[in-house]
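Here the structure comes first, spelled out in structure tokens, and everything after it is commentary.
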Amino acid sequence: MDRFKRSVARRVFAFELNEATHRIESEEKLVQLLLPTGVPCSRVFIVGVLLDREETRPDSDFWKIRVSDPTGVFRGFIGKFQPDALESLLKIDPPEIVAIVSKVRLFEGNRTVVTLRPEFIVPVERDVMNYWIVETAEHTLSRIENMKKGGKELVEEAWRIYNPDLSKYEERVKEALEAVISSPKVEEEEVEEEKEEVEEVEVEEFEEVPEFSDEFEFEEEELDLSDILG
Amino acid sequence: MDRIQKIAEEIVEKFKKSGYEINRKDVYKRLKLLIEEFKVPESEAIRTVENYLIKELDISRDKLVSDSPLVKVEDIKTPGQWVSLKAKVVQLWDSSSPNVSQVGLIGDETGIIKFVIWAKANKPEVEEGKSYLFANVVTDSFGGRMQVNVNRNSRIEEIDEDIQLPPREVEAVGALVAIQQNSGLIRRCKKCNRVLTKGICPVHGKTEAYDDLRVKGVIDDGESYYEVILNQDNIKYLTGIGLEEAIEMAKKHYDREVVLSELKNRLLGRYFRFTGRKGERYFIVNEIDFLRYDGKEKAEELLSKLSG
């Protein structure tokens, strides 16, 4: 089973992910980000609002997306190397609540920026977003606890590199939880709408991207992203 | 049942285990004569009757070795013991060594244990899901875990009982973060039930096939993940799409892949609560449902903890 070891999808708020600037190499030679709360992260699960999608250049099939949670905005790119995600993205009409599973990449330009390379993006119900916020709050708080305790190697490294103001993180978690409490009641129709859409689905070439593709550097990496991100 | 009847029964059983049917009445009569009439001690009477039977059947005595004590899996704690156990074959693994005929897991209601059938033991193969008496096997410890070895002196007999396995079901909550290849409306080989790829069975080549609906996916709780398999019933329960509906959809669009796309749209990124039993790699899902709880309540709870 270890041969197929997959990296878990971390639950992390935009605020924290965007603070991450440090890369660590794990035993499996997998490049991972070190989160400011002291855990490695190479994949995330996010539920937030897709604010917009924008093709970086006409007909490039390379789209920039922005997805927000109550604490900030995730930036990501979807290109033809994520055919599943690209196909779904083009059917989504922002703003809409979406769930994303994504690899994280660190772009080091004038400033270091974390970006997402989604494996999939699907519209989901508002419930799911609330669950995600609550879950992410729980996970973040437990990481904060571990930071306070200290001791673990990565925790110490996080202190050394980021020296995070943990009260600031707790403040953001609070805000996120308050957003859940003040969110409107879920309407049933919302759910129904999404189900109808699917009839239109087209042929889809399913391609399983093996884990080791982490090591591949696609040409999109070579693009100068500084303008786009600006 | 009187004492002599009981002894007779034991003797009949013993011969039966070795594959010989003997006449119970005859055994009873001989025992009764020896024990009641002639006051021969029980053990001598038994030996005498057994000897008589062995001569009569023209077999050697060592064919009749009595079995090692019957134990439960949870009782196996020390290596080097001869035991017998009734167990179900849970799982067979690929044997990596030519010295090993079969290797895998067997279990009863008290636990699961690894077993090895040595090639030298020269035993017929066991099948997954069937229950057997593993008589005269030797306990062993390998890599810190107990196992049982089947050798030349062991005996494997299929039994009619359905041995129950311990409840190894897990219950977990997480988000479905991936749906893997060979999900959706798939075709399976009629001979071996394997999933066909482009109409080809990995074992039987081009073959007759039937439709099935399943999802192989990954449920992730942010700390660890479970590779799960949802069957037709699970999928129908969650989405209303059963095998029939799936076939209809595929027909309507002249494309089987629409089913997979639809399932991805309905299931990916959602939270689930499921119970399942772990196979070698995948959790075979028993029950699964969308996670439902009051997010606001939970949020308030966390908030009060934070400010407290």
Side-chain angles (χ1 to χ4, degrees), chain A residues 1 4 6-12 43-47 84 87-88 91 98-101 119-139 141-142 170 173-174 176-183 186 194-195 197-199 201-208, chain B residues 173-184 216 218-225 227 239-241 249 252-272 278-282 290-307:
Chain A
M1 182 169 167
F4 306 105
R6 161 190 179 101
S7 39
V8 297
R10 296 279 178 207
R11 313 299 202 252
V12 51
R43 178 184 268 135
V44 289
F45 174 58
I46 290 165
V47 183
D84 266 18
E87 192 200 0
S88 339
K91 290 196 201 109
V98 293
I100 290 176
V101 166
E119 292 160 2
F120 73 73
I121 174 167
V122 282
V124 296
E125 304 72 33
R126 187 189 300 273
D127 275 16
V128 181
M129 185 164 73
N130 281 350
Y131 293 157
W132 179 82
I133 294 171
V134 169
E135 187 190 33
T136 305
E138 268 185 313
H139 284 218
L141 291 176
S142 111
E170 282 174 340
V173 170
K174 267 189 202 167
L177 289 171
E178 273 152 12
V180 171
I181 292 166
S182 62
S183 70
V186 181
E194 271 156 30
K195 287 184 180 163
E197 213 180 296
V198 189
E199 294 291 293
V201 171
E202 290 159 31
V203 189
E204 181 190 6
E205 278 297 305
F206 188 85
E207 185 189 343
E208 188 159 275
Chain B
V173 170
L176 188 70
V177 297
I179 289 183
Q180 297 166 334
Q181 228 167 359
N182 290 329
S183 295
K216 266 169 76 174
V218 181
I219 291 183
D220 179 314
D221 65 9
E223 298 290 336
S224 57
Y225 63 90
E227 290 180 286
T239 63
I241 300 171
M249 283 169 69
K252 195 171 146 199
H253 296 265
Y254 302 102
D255 180 11
R256 304 172 74 83
E257 293 295 314
V258 289
V259 177
L260 181 58
S261 295
E262 170 76 5
L263 294 178
K264 284 184 175 174
N265 278 314
R266 298 260 198 106
L267 302 175
L268 273 178
R270 274 47 166 221
Y271 285 92
F272 296 93
K278 177 112 162 69
E280 195 181 356
R281 176 173 167 194
Y282 288 95
F290 290 101
L291 180 66
R292 287 176 230 273
Y293 67 84
D294 190 341
K296 295 187 184 193
E297 209 171 276
K298 184 83 203 214
E300 269 164 14
E301 199 184 303
L302 280 175
L303 265 182
S304 67
K305 236 190 260 171
L306 251 180
S307 10

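Lettering of chains follows the sequences in order, A, B, ..., and the numbering in each one begins at 1.
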Report the option among A:Val173, A:Val134, A:Thr136, A:Val44 that has the most heavy-atom pairs separated by less than 4.5 Å from atoms of chain B.
->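 Highest number of heavy-atom pairs under 4.5 Å: A:Val134.
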With respect to chain B, which residue among A:Val98, A:Val47, A:Leu141 yields the maximal number of heavy-atom pairs within a distance under 4.5 Å?
->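 The option with the most such pairs is A:Leu141.
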Can you say whether [X] sits under 4.5 Å from chain A via the side chain, the backbone, both, or neither, judging by heavy atoms?
{"X": "B:Tyr293", "answer": "both"}
{"X": "B:Glu297", "answer": "neither"}
{"X": "B:Leu267", "answer": "neither"}
{"X": "B:Arg256", "answer": "neither"}

Per-residue contact mode, [X] against chain B (heavy atom under 4.5 angstrom):
{"X": "A:Val101", "answer": "side chain"}
{"X": "A:Ser183", "answer": "both"}
{"X": "A:Tyr131", "answer": "both"}
{"X": "A:Ile133", "answer": "neither"}
{"X": "A:Val122", "answer": "side chain"}

Look up atom [atom1] in [X] and atom [atom2] in [Y], then write down how far apart they are to the nearest 0.5 Å.
{"X": "B:Glu300", "Y": "A:Ile181", "atom1": "CD", "atom2": "CD1", "value": "4.5 Å"}
{"X": "A:Leu177", "Y": "B:Leu306", "atom1": "CG", "atom2": "CG", "value": "7.0 Å"}
{"X": "A:Arg11", "Y": "B:Asp220", "atom1": "CZ", "atom2": "CG", "value": "5.0 Å"}
{"X": "A:Asp84", "Y": "B:Leu268", "atom1": "CG", "atom2": "CG", "value": "8.5 Å"}
{"X": "A:Arg10", "Y": "B:Glu223", "atom1": "CZ", "atom2": "CD", "value": "6.0 Å"}
{"X": "A:Glu87", "Y": "B:Lys264", "atom1": "CD", "atom2": "NZ", "value": "8.5 Å"}

Could you go step by step and tell me if A:Arg6 and B:Val177 meet the side chain to side chain contact (heavy atoms under 4.5 Å, CB included) rule?
-> CA-CA 11 Å; A:Arg6 161 190 179 101; B:Val177 297; 3.5 Å; yes
Examine A:Phe45 together with B:Tyr225 and report whether their ring centres are nearer than 6.0 Å.
->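 Ring centroids of A:Phe45 and B:Tyr225 are no less than 6.0 Å from each other.
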Closest non-hydrogen atom pair, B:Gly269 against A:Val128 =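 Shortest heavy-atom contact: O-CG1, 3.3 Å.
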What are the two closest heavy atoms between A:Lys174 and B:Leu303, and how far apart are they?
->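 Closest heavy-atom pair between A:Lys174 and B:Leu303: CG-CD2, 3.6 Å.
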Check side-chain contact (heavy atoms from CB on, under 4.5 Å) between A:Ser182 and all other residues, then give those that pass, not counting sequence neighbours.
->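 Once residues adjacent in sequence are excluded, A:Ser182 has no partner under the side-chain contact (heavy atoms from CB on, under 4.5 Å) criterion.
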Does B:Arg270 come within less than 4.0 Å of A:Glu125, counting only side-chain N to carboxylate O?
->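 A salt bridge links B:Arg270 with A:Glu125.
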CA sep, side-chain torsions, deciding dist, call: B:Lys298, A:Glu138, salt bridge (Lys or Arg N to Asp or Glu O under 4.0 Å) | CA-CA 10 Å; B:Lys298 184 83 203 214; A:Glu138 268 185 313; 3.2 Å; yes
